[in-house]
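These numbers were taken from a predicted model, which means no experiment stands behind them.
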Amino acid sequence: MDEIVILGGGGLASEVADAVHAVDSDGGLVCRALYDDDRRLRGRTLQGLEYAGTIQDYLDGDRPDAACVIGIGDNSVRERLAAELAIAGRAARTVVHPTAVVSRTATVGAGCYIAAWTFVGPRVRLGCHVVVNVGSSIGHDAVVEDLAQLCPGVRVSGFCHIVRTAFLGSNAVVAPGKRVGAGARLSACSFAGRDIPAATLASGVPARCIG
């Protein structure tokens, strides 16, 4: 049985914890602790997990045999932590909720969180530390690069390319074959019928760049 810890103590961490507990019930994964830099969590629990210390404690070698998953929604924070994990030589572990459907021909990088009732289609390629949140789907042959985040209900169509650290808001839709650039943000309930440039904010139906 594999042991992991969760980095983060907020809302996304609680959802990741639920997924871990669901996997744990099948006997494949165990998680007993989380790490967060909010010291006010000391002595508390989240979803039955104890607060074991700061993230730096983990980076410095606490629980040396335990891999981790980042349960933090802010892409910039997740990007920084991913770099620090690599420098510290700490392993990242992917968590896939038992109700998720992941094609046998999909490839999934380390440290991803694939939530309940999601679909990852044939020949999809997920990078490392990708968040695929509740009820999202990724169509065949799509690429989702490292640290991108799909909020609940997102629809990424076939042959799309979601670039590193892109953020797709809840119920956003990306048309087939379109590209969402690095660090771009697509607002909730928006429809991307054309490519979204890097580092821009796009919103609406159809989505237009507004920032």
Side-chain angles (χ1 to χ4, degrees), residues 1-100 102 108-118 126-136 144 146-154 164-165 167-170 185:
M1 181 176 291
D2 295 331
E3 181 180 359
I4 69 167
V5 300
I6 297 171
L7 305 186
L12 183 61
S14 67
E15 295 182 2
V16 174
D18 265 354
V20 171
H21 289 322
V23 177
D24 185 19
S25 67
D26 294 333
L29 194 64
V30 61
C31 181
R32 298 189 178 92
L34 61 86
Y35 291 81
D36 191 274
D37 291 337
D38 185 352
R39 296 179 184 274
R40 293 173 298 178
L41 295 175
R42 190 175 299 278
R44 301 182 187 179
T45 60
L46 177 73
Q47 307 295 95
L49 305 179
E50 67 170 332
Y51 170 75
T54 67
I55 292 173
Q56 191 61 52
D57 291 334
Y58 177 75
L59 293 171
D60 287 342
D62 204 18
R63 297 185 186 243
D65 295 329
C68 71
V69 60
I70 302 174
I72 296 173
D74 186 311
N75 277 6
S76 63
V77 175
R78 288 172 42 246
E79 184 175 32
R80 173 178 58 80
L81 287 178
E84 292 176 353
L85 287 170
I87 292 170
R90 302 305 304 254
R93 166 68 191 259
T94 287
V95 173
V96 181
H97 194 281
T99 63
V102 179
V108 179
C112 293
Y113 166 53
I114 301 177
W117 311 115
T118 53
L126 299 186
C128 297
H129 303 290
V130 172
V131 174
V132 184
N133 218 319
V134 176
S136 293
V144 182
D146 296 353
L147 296 153
Q149 182 170 176
L150 281 57
C151 291
V154 163
R164 180 183 174 92
T165 68
F167 179 93
L168 309 184
S170 296
R185 297 175 64 88

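I6 is listed as a side-chain neighbour of C31, based on a closest heavy-atom distance under 4.5 Å. Using a 4.5 Å heavy-atom cutoff, the side chains of P98 and V23 are in contact. Inter-residue side-chain proximity for L126 and V108 is flagged as met; some heavy-atom pair is nearer than 4.5 Å. Using a 4.5 Å cut-off on side-chain heavy atoms (C-beta onward), R78 and V131 make contact. Between I55 and I72 there is a side-chain heavy-atom pair separated by less than 4.5 Å.
The structure places OH of Y113 at 8.5 Å from OG1 of T118, a figure rounded to the nearest 0.5 Å. Here the CG-OG1 distance, from L147 to T165, works out to 7.0 Å after rounding to the nearest 0.5 Å. Atom CG in L34 sits 7.0 Å away from atom CG in D36 (nearest 0.5 Å). With rounding to the nearest 0.5 angstrom, the NE2 atom of H129 is 8.5 Å from the OG1 atom of T94. With rounding to the nearest 0.5 angstrom, the CD1 atom of I70 is 6.0 Å from the CG atom of L7.
Under a 3.5 Å cut-off, the side chain of D57 and the backbone N or O of D62 do not form any donor-acceptor pair. Distance alone, capped at 3.5 Å, is enough to place a donor-acceptor pair between the Y58 side chain and the A66 backbone. Here the side chain of T45 pairs no donor or acceptor atom with the backbone of G48 at under 3.5 angstrom. Using a distance-only test at 3.5 Å, with no hydrogens or angles considered, a donor-acceptor pair links the side chain of D146 to the main chain of C128. In this structure, the side chain of Q149 engages the main chain of G73 through a donor-acceptor pair within 3.5 Å. The backbone N or O of Q47 lies less than 3.5 Å from a partner atom in the side chain of H21, making a donor-acceptor pair.
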*I4 vs V95, side-chain contact (heavy atoms from CB on, under 4.5 Å): CA-CA, chis, key distance, verdict*: CA-CA 10 Å; I4 69 167; V95 173; 3.8 Å; yes

*Check the pair N133 / E15 against side-chain contact (heavy atoms from CB on, under 4.5 Å), numbers first and verdict last.*
CA-CA 9 Å; N133 218 319; E15 295 182 2; 3.4 Å; yes

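In terms of heavy-atom proximity, A67 sits nearest to A92 at CB-C, 4.5 Å. The two residues D37 and Q56 have their closest heavy-atom pair at OD1-N, 4.2 Å. When every heavy atom of G153 is checked against every heavy atom of S136, the shortest pair comes out as N-OG, 3.5 Å. The nearest pair of heavy atoms linking I114 to A100 is CG2-CB, 3.9 Å. Taking each heavy atom of C151 and G169 in turn, the nearest pair found is CB-C, 3.7 Å. Pairing each heavy atom of A13 with each of G8, the nearest pair is CB-O, 3.3 Å.
Note that R44 lies outside the cation-pi zone of Y51, set by a 6.0 Å cut-off to the ring centre and a 45° limit from the axis.
For R90, the CZ atom counts as densely surrounded, since its 6.0 Å shell holds more than 12 non-hydrogen atoms of other residues, nucleotides or ligands.
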